[in-house]
Amino acid sequence: MRARVFVTLKPSVFDPQGRTIADALHSLGYGAVEDVRQGKYFELDLATSEAGQARALAAEVADKVLANPVIESYRIEID
Amino acid sequence: MRFGIVVFPGSNCDEDAYHAVRDVFGLDAEYLWHKDADLKGALRTGAMARFSPIMSQVRAFAEQGGPVLGICNGFQILLEAGMLPGAMLRNRELKYRCEHVHLRVEHTDTPFTCAAAPGHILRIPIGHGEGNYFAAPDVLDRLEANRQVILRYTDPEGRLADAWNPNGSANAIASVCNESRNVVGMMPHPERACEPLLGGVDGRLIFESVVTAMAIR
């Protein structure tokens, strides 16, 4: 199965990269883009065909390596 | 007394630290190779280095009360390894900052600041892109209450001012220690400030402190 892991800064953490992109978009006239938060995206190919197992494995890997729980949270999609 | 300088693939200033210990202070130092593949920078600075075999030894040494100093990359690794609280974000203005900063010594009861007086101002260089110290508000409160903030970015007179905070660090934090106070992380580079030729000698105080601390241990 494939797991997609989206890692983003927690809402309470300032994102200087997202802010810079938002400022650039505003200067290009995209005032309707109110805010931008930048994150990281991972695709994990997993040697399991059971969705629950895949999710648990992806979560373990995200907790341990892909995300830093001090500043980041993550969301997992399995397909 | 012997200094062990942990070398990771791609970590920098290990030779500067070796030079400072050996040639400036005339003390014994050796490199400690981390013994693993180069994965630095793959995800977050320090995120891969913490899995190197040597980190379990560094952790064991610290748990026995051994003094551990993480400078710059080293600070980032200690944070990722959970040996110090908090995390590093990209610098507030997204710029790599390489310049001298002023630091106020907040507490002197660590092995790396015991030769200083509280309030002592040090002028030491930084060189980093991810030195914007972050911790959740409750963690920051605990750090302050436990007197774990060891150095703060200030103006040349030791006053807090946002313009003198080079990276946007919370509470102007440049250095923290663990609860046992034997593990210290700092973003500025004392090893680059040990000789007049390099523009200043304020970094010596960090090395003099650990020499003093080990002598009375």
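In what follows, chains are A, B, ... by sequence order, proteins preceding strands, each numbered from 1.
What you find for A:N68 and B:A87 is that their closest heavy atoms are ND2-CB, 3.7 Å. Contact detail for B:M88 and A:I71: the closest heavy-atom pair is O-CD1, 4.2 Å. Contact detail for B:F134 and A:V70: the closest heavy-atom pair is CE2-O, 3.6 Å.
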Side-chain atoms of residues 155-164 of chain B: list all donor-acceptor pairs with protein atoms under 3.5 Å, sequence neighbours left out, distances to 0.1 Å.
unit_1	atom_1	unit_2	atom_2	d
B:D155	OD1	B:E157	N	2.8
B:D155	OD1	B:G158	N	3.0
B:D155	OD1	B:R159	N	2.8
B:D155	OD2	B:R159	NE	2.9
B:D155	OD2	B:R159	NH2	3.1
B:E157	OE1	B:R159	NH2	3.2
B:D162	OD1	B:R92	NH1	3.0
B:D162	OD2	B:R92	NH1	3.2

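With a 4.5 angstrom heavy-atom cutoff, B:E80 touches chain A only via side-chain atoms. Neither the backbone nor the side chain of A:K10 comes within less than 4.5 Å of any heavy atom of chain B.
Contact tally against chain B (heavy-atom pairs below 4.5 Å) for A:L66, A:L9, A:V7: the top residue is A:L66. Comparing B:G86, B:A136, B:G168, B:A47 by heavy-atom pairs within less than 4.5 Å of chain A, the highest count is held by B:G86.
Counting non-hydrogen atoms of neighbouring residues, nucleotides and ligands closer than 6.0 angstrom, the CD atom of A:E60 reaches no more than 12 such neighbours. With a 6.0 Å radius and a threshold of 12 heavy atoms from other residues, nucleotides or ligands, A:E77 has its CD atom above the threshold. Under a cut-off of 6.0 angstrom, the local environment of OH in A:Y30 is sparse, with at most 12 non-hydrogen atoms contributed by other residues, nucleotides or ligands.
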